[in-house]
Chemist: 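Below is a structure I'd like to ask you about.
Just so it is clear, the model here is predicted, and its values are computed rather than measured. Here is the naming used below: chain letters follow the sequence lines, and residue numbers restart at 1 for every chain.
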Protein chains: 2
Amino acid sequence: MVTLADVARHAGVSPSTVSYVLSGKRSISEATRRRVQHAVEELGYHPNAGARALAGRRSHIIALVVPLRTDVYVPIMMEIAVSVTMAARQHGYDVLLITNDEGPDGVRRVAASGLADGVILMDVELDDERIPVLREQGIQASMIGLPADSTGLSCVDHDFAAAGAQCADHLADLGHREVAFIGYAPAVYHRHAGYAERTLTGFRERALERGLRFLHRPCEGTYESTAGTLARILADRPDTTGFVVQNENAIGPLLQLLPTSGRTVPEDASVVALCPEQLAEQYAPGLTAVTGPAQELGRVAVDQVMRRIAAAERGTDPEDELVLLAPVLTPRQSSGPLLAPVPPARRR
Amino acid sequence: MVTLADVARHAGVSPSTVSYVLSGKRSISEATRRRVQHAVEELGYHPNAGARALAGRRSHIIALVVPLRTDVYVPIMMEIAVSVTMAARQHGYDVLLITNDEGPDGVRRVAASGLADGVILMDVELDDERIPVLREQGIQASMIGLPADSTGLSCVDHDFAAAGAQCADHLADLGHREVAFIGYAPAVYHRHAGYAERTLTGFRERALERGLRFLHRPCEGTYESTAGTLARILADRPDTTGFVVQNENAIGPLLQLLPTSGRTVPEDASVVALCPEQLAEQYAPGLTAVTGPAQELGRVAVDQVMRRIAAAERGTDPEDELVLLAPVLTPRQSSGPLLAPVPPARRR
DNA sequence: TTGTAGGCGTTATCAT
DNA sequence: ATGATAACGCCTACAA
C-alpha cells in the first residue's frame, strides 16, 4: 500500500507538505506542488479512507436510506439513488446504502459510528420515526419528502399540490366538466402519506376553482380493482370525461378498460397520469402526464446536506431549507378537447 | 463522542478488554463481559468506523457498482441492490453505492483507498474493463453476470440458457410447432451482452431438440418497433402460434397487437415472457413467465465476496465460484395448448 | 483471564 | 513556504 509518507519521500518533502498539497489548505510553491503531484501519480497514491476519516473527523460518506416498501414506483427510487450518488461524488463524497429494514437504528448506527457525515432520508413519512434519531445524533440530513414538522431540517420534494392542480387545469382547459381522480390504495391514505394527500388537495382546490365536478376514488391498482373502480365511477357519474390517475399500476388497466365501456381515448375520455416520463411514453397512445424531476430531487438533497455539513464544520447554524420542485405537464395523445357532449347512445 | 476508552473506564477494565469483548477474539469471564456490555449500552457506544478501519485494516464495507444503462429492467437492479445491502448487514458489512459513470476508476478508487474490502460488480460485460482493475488492486470481488474469462473470479448469474430452454419446452409441451423469439434491440446483441446471447442459445438448442420451427427477431421495444417486428414475423411465418418475449418493453405492445391481427391469447397464440414476476402479474391476462430469483442473486454475490475476504484474511487462496441460479417458469393465462391448426380464415 | 503499549495513515497545530 | 509532531480511536502482539 502506498502511503502519504511514501509520496513525501519520493518527492523529497515532508508528509505534511504532501497532505497540504492534496487538501489545498495552505499555499504551496508551484515547484513542490508539481513534484508532489508527480510523485502521487507515479506511485498511484490514494489516501487511506480510514485514516483520513479518523484524523479529519469526517468520513466523506453520506448515508442514503431507501424504503423497502414498493408502493413507490421503483425505477424512480433507483433514479434518485443514482443521482444522489453522482451528485455526492461531485462534492468528493461517497454514498452508503442503508435499507429501511434497520429502521431508526440504521441511522443511529451510521451516525454514532461516524460512518457517515450526513444522511439523506427517502420516502419520509409525516411522522417519521427516523427524524428524532437525526436530532439525537446531531447529524446533518436532508429529507426527500415532507415530514409534518420540518423545523431544524432541510427537505426537498415534488410539489405534489402543484401537480394535482396542473391536472385539474389541463382537463378544465380542454373543456371537461366532470372528472374523476383515481388514487392510491386506501391504505396509502390511511397512513396519511403526504404525497398522496397533497396531490389530492392540490387537485381538489384547483378543480373547485375551475368549477369542475369531481370524484375521488382510491384504487389498489390491480386489473380487477381498477375495473371495479371505473365501473363505480361510471355508475356514479356517467358523464365523466376526464380521468386523473395517481396510481401508476392502474394506468394500464384503465387504458384497456375505457374502450370496453365505449369510451375511446382521447375522443370520449381524456386521461392524465401522475407518473414518470419513462412510464408515460411506454403506453400507446402516449400518456399525457405530470412528472416531477426525479434526478433533481437527488441533486438538491445532496446540495442541502453538503451545505449543512459545511455550516456545521465552521460552527455556524445550518439553515433549514424547504424546496418544492415544480412538476411538468407533458401533453401527449391520451388527452384532448371535449368535442361535444357525449351522446347517450355512445355510452355503456 | 463515546470512545472505547470511555466504556473501559465506565466498566472498570482496560480498553483492550472492551475491544476483545466486542470482537469476541479472546475468552472473557462472564462477569467482565456483562459489565462491559452494560457499559456499552449505557453509554450508547458505537465503535468509530474510521479508527476501526485504520487499526483493523478492514473497512467492513463492500462496494456495489451499478450500471447507469437502463436496458436492464430497473426494478430488478433495485431489488438486487437492496438484497445485497441486507445480506451484507448480516455479515456486519455496509454497502457503498458506486455508479458506473466513474468507470474502472471508481473501482480503483475504492480499492486503493481501502474504502471497500470487496466489490460486487453488477451487469458485467463479457469483456469488462473493470475486471483488470480488480486484479491490479488485488481486491476481492464477485460478479453478477458472467464475463468471458472468469478465472480468478467468483461469479453468479441467472441460468439464462436454462431460461431460454424452459420457454422452448413449455411451448413444445403445449403442442406449438412454430414459434418466434422476440429479443432485445440489435445493439444489445452487437455488444454481445452475455445474458441475451445465452438465453437465445438455450432457447435455440432446446427448440431444435424439440423439433420446433423458430424465428429470432430483435426488437427495440417501442410500440412501433414491436408492431413492425410482429408484422414481419407473421409475414414470414403465418403459422406462428408461440411467442417468447425477452424484451420486457415489448410485452405490453405485443399483447395489445396480437388481437389486432386476429390472434386471441391464449387460444390462438401463446406468449411466454422472460421477466420478473412483478411484471408478469401486472398484465391482463396474467403472463406465463420465466423468472430468475433476483434477491438470491444479491445474497449469493455477498456470500461469495465474504468468503473471499475471509480466505484472503487468513492467507489462503480464495476459491473461484460460478453459480448459475435456476429460473422458474410460472404458467399463467397467456399460454395454453394449441387446440387445432389455425384455420386460414382466422388469420390476418 | 486481563493489562500495556505500539502502530495504523492522516490531519492539523505548532514551529521555523 | 515548509517541517516536526501530537492527536484521532481502535486493534493486537506481547506481558503478566
Chemist: Which donor-acceptor pairs under 3.5 Å do the side chains of residues 36-45 of chain B make with protein atoms, sequence neighbours left out?
Modeler:
unit_1: B/Glu42; atom_1: OE2; unit_2: B/His10; atom_2: NE2; d: 3.0

Chemist: Restricting to pairs with a member in residues 19-29 of chain A, which pass side-chain hydrogen bond (donor to acceptor under 3.5 Å, both in side chains), not counting sequence neighbours?
Modeler: A/Ser29-A/Thr32

Chemist: Can you list, by residue number, the residues of residues 28-38 of chain A that have a non-hydrogen atom closer than 4.0 angstrom to DNA chain D?
Modeler: A/Ile28, A/Ser29, A/Thr32

Chemist: Could you give the angle between the helix axes at the two ends of the helix from C/dT1-D/dA16 to C/dT16-D/dA1, with five pairs per end, rounded to 10 degrees?
Modeler: 30°

Chemist: Restricting to side-chain contact (heavy atoms from CB on, under 4.5 Å), what partner residues turn up for A/Glu79, sequence neighbours left out?
Modeler: A/Ile76, A/Ala294, A/Gln295

Chemist: Can you tell me how far the CG atom of B/Leu22 sits from the CG atom of B/Leu4, to the nearest 0.5 Å?
Modeler: 7.0 Å

Chemist: Residues two or more places apart in sequence or in another chain: which of them pass side-chain contact (heavy atoms from CB on, under 4.5 Å) with A/Pro147?
Modeler: A/Val124, A/Ile131, A/Met143, A/Ser150, A/Leu153, A/Cys155

Chemist: Both A/Lys25 and B/Gly12 contact DNA chain C. Taking the nearest nucleotide for each, which residue is further toward the 5' end?
Modeler: B/Gly12

Chemist: List the steps and the verdict of salt bridge (charged side-chain N to carboxylate O under 4.0 Å, His left out) for A/Arg109 and B/Asp94.
Modeler: CA-CA 11 Å; A/Arg109 190 171 62 78; B/Asp94 274 292; 2.7 Å; yes

Chemist: Can you check nucleotides 8-10 of chain D for protein contacts, nitrogen or oxygen pairs under 3.5 Å, and list what you find?
Modeler:
unit_1: D/dC8; atom_1: O3'; unit_2: A/Arg57; atom_2: NH2; d: 3.2
unit_1: D/dC8; atom_1: O2; unit_2: A/Ala55; atom_2: N; d: 3.3
unit_1: D/dG9; atom_1: OP1; unit_2: A/Arg57; atom_2: NH2; d: 3.0
unit_1: D/dC10; atom_1: OP1; unit_2: B/Tyr45; atom_2: OH; d: 2.6
unit_1: D/dC10; atom_1: OP1; unit_2: B/Asn48; atom_2: N; d: 3.1
unit_1: D/dC10; atom_1: OP2; unit_2: B/Leu4; atom_2: N; d: 2.5

Chemist: Considering residues at least two apart in sequence or located in another chain, which fulfil the ring pair (Phe, Tyr, Trp, His ring centres under 6.0 Å) criterion with B/His60?
Modeler: B/Tyr93

Chemist: Look at atom CG of A/Asp127 and say whether more than 12 heavy atoms of other residues, nucleotides or ligands are closer to it than 6.0 Å.
Modeler: no

Chemist: Got a sec, which residues hit salt bridge (Lys or Arg N to Asp or Glu O under 4.0 Å) with A/Arg108, two or more places apart in sequence or on another chain?
Modeler: A/Asp105, A/Glu136

Chemist: Could you tell me the separation between the CG atom of B/Leu115 and the P atom of C/dC8, rounded to a whole number of Å?
Modeler: 20 Å

Chemist: Would you please say whether a donor-acceptor pair under 3.5 Å links the side chains of B/Ser142 and B/Gln304?
Modeler: yes

Chemist: Check side-chain contact (heavy atoms from CB on, under 4.5 Å) between B/Glu313 and all other residues, then give those that pass, not counting sequence neighbours.
Modeler: B/Arg58

Chemist: Shorter than 3.5 Å, N or O on both sides, protein versus nucleotides 4-6 of chain C: list them out with atom names.
Modeler:
unit_1: C/dT4; atom_1: O4; unit_2: B/Ser16; atom_2: OG; d: 3.2

Chemist: Output the rounded distance in Å from CZ (A/Arg9) to P (D/dG3).
Modeler: 14 Å

Chemist: With sequence neighbours left out, write down each residue that passes salt bridge (Lys or Arg N to Asp or Glu O under 4.0 Å) with A/Arg308, or none if nothing qualifies.
Modeler: A/Asp320

Chemist: For the CG atom of B/Asp117 and the CD1 atom of B/Ile62, what is their distance to the nearest 0.5 Å?
Modeler: 9.0 Å

